[in-house]
Amino acid sequence: MSPWVLHVDLDQFLAAVEILRNPELAGKPVIVGGRGDPNERAVVSTASYEAREFGVRSGMALKIAMRKCPGAILLPVDRPVYEAASAQVMATLKAMPGAVVEVLGWDEAFVGVDTDDPVAYAHDIQAAVLAATSLHCSVGVGDTLVRAKVATDYGKPRGVYVLTADTWLDLLGDLPTDAVWGIGPRIRDRLADLGYATVRDLAAADDEALAAEFGPTTGPHIGRLGRGEGRRTVDDTPWVARAHGRETTYQQDLVGRDEVEPALRELADAVVEDLRREGRACMRVHLKIRFKPFFTVNRSRKLSEPTSDPAVIAATALALYDRLEDDRPVRLLGIRSEMVPPEGGY
DNA sequence: TCTGGGGTCCTAGGACCC
DNA sequence: TCTGGGGTCCTAGGACCC
């Protein structure tokens with residue numbers, strides 16, 4: 001028996017759930033995003049495999065997606081339904097013998113297990129999830145969390161893929177560094193400037209050079225990612241949120257303080273709903289603004305004392321806006337409230 | 001051409017204190 | 001007159017993820 005990490009990822013999750021409640025959608029190009037209005041400022045949350053064949057990807061603007069795939073069926077995001085399906089999937093994983101489950105999002109989780117045959121266990125997971133929910137998933141098997149996570153993509157759809165220290169560089173060595181989970185386009189470009197273009201280059205990089213560029217913690221961390229190293233143990237400690245936020249993209253840009261102020265009040269009210277539900281107070285307010293020429297600003301302020309009063313949160317956000325002294329049209333506003341940590345910390 | 005909404009974590013640098 | 005080194009707290013902002 002040895003310890004393994006499995007990464008379970010539902011296939012085309014939102015689209016699959018929509019197909020379950022409307023079987024006529026099966027085999028058709030389905031796009032889930034926004035409020036289901038193709039003319040709205042919104043993005044694709046999930047596209048079915050049929051829609052992906054037209055080049056539709058999650059994160060893509062709906063307008064562009066519908067242009068690429070004019071015949072697609074566009075559906076609004078229906079959170080409660082996906083949350084319920086997700087809960088069923090996670091409960092199924094937690095019921096697997098010997099499983100330690102770390103939930104990553106609606107549609108994915110790490111499963112830690114001691115076994116001689118992780119591939120058979122992965123197939124057992126797929127069968128159990130299918131039986132309980134009629135949903136298909138892919139499973140990555142690895143000796144670290146990073147390797148399991150990266151493996152899943154190679155198992156999609158409905159497959160199982162094993163990736164360990166022995167096969168890491170064979171599979172990824174020649175790829176650009178952002179093929180690794182945790183390395184995005186910015187880090188990839190900075191690494192390339194340093195002479196580390198591929199995962200193989202990064203795997204051989206020395207910590208000192210990486211620390212000099214990215215800092216003493218992040219530098220060596222990036223090096224470990226390049227080697228597929230890092231955490232090996234799945235942690236099922238229940239999640240405690242650090243913050244809650246609400247943001248809105250306005251279909252028509254807000255112009256001037258007079259339009260910004262009521263919008264901030266609405267966001268503050270919504271944020272406070274989350275605080276009340278958890279019974280925790282806000283200790284720091286973050287304001288996020290996206291201006292019309294596409295760029296984003298974040299500002300934050302610590303409160304003199306914790307509060308759950310929406311008026312205080314709105315006023316703090318407005319003060320942060322005023323301090324910007326920038327009256328360009330606003331297309332997105334967000335307020336995030338950092339909460340007082342629970343007794344004993346996180 | 002068009003780019004959501006929900007999060008987490010890390011770092012740089014200034015203010016302030018001893 | 002010149003001016004150390006360490007520490008903490010705070011804000012701004014970068015980067016990543018689903």
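For clarity, every value in this text was computed on a predicted model and none was experimentally measured.
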Open item on the list: Considering every strand and a 4.0 Å limit on heavy-atom distances, what is the contact class for L62(A): base, sugar-phosphate, or nothing?
Closed with: nothing
- [ ] Check whether any side-chain nitrogen or oxygen of R186(A) sits under 4.0 Å from OP1 or OP2 of dA15(C), and answer yes or no.
- [x] yes
Task: For the student: nearest non-hydrogen atoms of H7(A) and D9(A), plus distance - done: CE1-OD2, 3.7 Å
- [ ] Test M90(A) against every option in V8(A), V129(A), V103(A) by the side-chain contact (heavy atoms from CB on, under 4.5 Å) rule and name the one that passes.
- [x] V103(A)
- [ ] Report which part of the nucleic acid R57(A) touches: base, sugar-phosphate, or nothing (heavy-atom distance under 4.0 Å, all strands).
- [x] nothing
- [ ] Figure out the CD/P separation between E40(A) and dC2(B), and round it to whole Å.
- [x] 15 Å
Task: Carboxylate-amine/guanidinium proximity below 4.0 Å for R328(A) and D326(A) - done: yes
TODO: Report yes or no: does T144(A) contribute a side-chain atom to a donor-acceptor pair with the main-chain N or O of R147(A) at less than 3.5 Å?
DONE: yes
- [ ] Convert the base pairs of DNA chain C into dot-bracket notation, remembering that pairs crossing earlier ones are written with [ ] and that bases paired across to another strand are shown as |; include only Watson-Crick or G-U pairs under 3.5 Å.
- [x] ....||||||||||||||
Open item on the list: Rounded to whole Å, please give me the gap between CG in D9(A) and P in dC17(C).
Closed with: 14 Å
TODO: Give I64(A) one of three labels, base, sugar-phosphate or nothing, depending on what nucleic acid heavy atoms sit under 4.0 Å from its own.
DONE: base
- [ ] Summarise protein proximity over nucleotides 4-11 of chain B in one line of letters, 5' to 3': B for base, S for sugar-phosphate only, - for none, counting protein heavy atoms closer than 4.0 Å.
- [x] BBSSBSSS
Open item on the list: Among D116(A), T164(A), V234(A), V119(A), exactly one meets side-chain contact (heavy atoms from CB on, under 4.5 Å) together with W4(A). Which residue is that?
Closed with: T164(A)
TODO: Could you state the atom-to-atom distance from NE2 of H221(A) to P of dC16(C) in whole Å?
DONE: 11 Å
TODO: Ignoring hydrogens and angles, tell me if any N or O in the side chain of D201(A) forms a donor-acceptor pair with the backbone of T198(A) under 3.5 Å.
DONE: yes
Open item on the list: Heavy atoms only, 4.0 Å cut-off, all strands: where does W181(A) land among base, sugar-phosphate and nothing?
Closed with: sugar-phosphate
Open item on the list: Rounded to whole Å, please give me the gap between OH in Y82(A) and P in dC18(C).
Closed with: 19 Å
Open item on the list: Regarding D236(A) and K94(A), does a basic nitrogen lie under 4.0 Å from an acidic carboxylate oxygen?
Closed with: no
Task: K156(A) and D11(A) ion-paired at < 4.0 Å - done: yes
Open item on the list: Could you check whether E266(A) pairs with R246(A) (Lys NZ or Arg NE/NH1/NH2 to Asp/Glu carboxylate O, under 4.0 Å)?
Closed with: no
